[in-house]
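Beneath this line is the structure, given in structure tokens, with notes to follow.
All values below come from the heavy atoms of this structure, side chains included, with hydrogens, waters and symmetry mates left out. Lettering of chains follows the sequences in order, A, B, ..., and the numbering in each one begins at 1.
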Amino acid sequence: MFEARLTQSAILKKVLDAIKDLLTEATFECTDSGIQVQAMDNAHVSLVSMNLRSDGFDKYRCDRNLSMGMSIAVMSKILKCATTNDTVTMRAVDNPDTIEFMFDTPGKDVQAQYEMKLINMDQEHLGIPETVYSCVVKMPSQEFARIVRDLSQFGENITIACTKEGIKFSAAGDTGTANVKLAQTADSGESDSVTIEMQESVKLSFSCRYLNFFIKATPLCEQVQLSLSNDVPLVCEFNIGEIGHIKYYLAPKIED
Amino acid sequence: MAQRSITSFFKKI
């Protein structure tokens, strides 16, 4: 028996919004410690790694480890049927063919129940090596989203350059160039602060298309963490409230 | 510029 309950479906709705444009399907690994998802986009350019800890749920029970293949589009449709204040309960039997989503509206005697067929999926798990990154930048997630949106108008790629002076985002195309530079702020730990930990300067280019998928996670938290090293994938990390995190890995572009 | 694949960095296990 698997059962996981959140008194506010808002967080799960935001999680689905953060992955639905990037992933068509994903395997949800459920264990006693929580729910883990690792999945690549169809083009195998990026990887999503998500963790929802069992102690972050209002009720969590997982008697046997389950590996459930789910259609992200269908799951997203189902979560759209919940209002943000609804309590959401996910439930599955051992060796399930389906997963059940139940929504209870507080103060009302209404329960909505949706059952989704699970998908048989090939188990493809990638090993992500432990990496010490040359630059780790924490900045307001809304600021990052705005930069990605703004610069995407000017080119297909965004070049991120990080030095002691700050982090610079650039795009260039036929119509012109765009540059946004952020310096480290005096105070750290605030929601609007910019902090840069740098061992070595980096300069890498990434596809705007994918960065625009990642910023769909912006409503999840106020700060985003970008980890960069030359010639390795970017890690773009958002906390999922107090319950877990979502990390997007994006392979860099290289000169032709 | 050419796009690298994520699987060229992370191997299947």
ask   = Around Lys13(A), counting heavy atoms of other residues, nucleotides and ligands shown, do more than 12 lie under 6.0 Å from its NZ?
value =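 Count over threshold, so yes.
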
query = Which region of Asp231(A), side chain (C-beta onward) or backbone (N, CA, C, O), has a non-hydrogen atom less than 4.5 Å from a non-hydrogen atom of chain B, or is it both or neither?
reply =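 Contact with chain B involves the backbone of Asp231(A) alone.
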
query = What part of Glu255(A) lies closer than 4.5 angstrom to a heavy atom of chain B: side chain, backbone, both or neither?
reply = both

task = Measure the spacing between CD1 of Ile6(B) and OG of Ser46(A) and express it to the nearest 0.5 Å.
result =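 Output value for this atom pair is 7.0 Å.
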
remark   = Cut-off 4.5 Å, heavy atoms of chain A, and the answer for Lys12(B) is both

message = Assess whether a salt bridge exists between Lys216(A) and Asp21(A), defined as any Lys/Arg side-chain N lying under 4.0 Å from an Asp/Glu carboxylate O.
response =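 Looking at Lys216(A) and Asp21(A), the cut-off is met.
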
key: Test item: side-chain donor near acceptor, Ser205(A) and Asn157(A), under 3.5 Å   = no

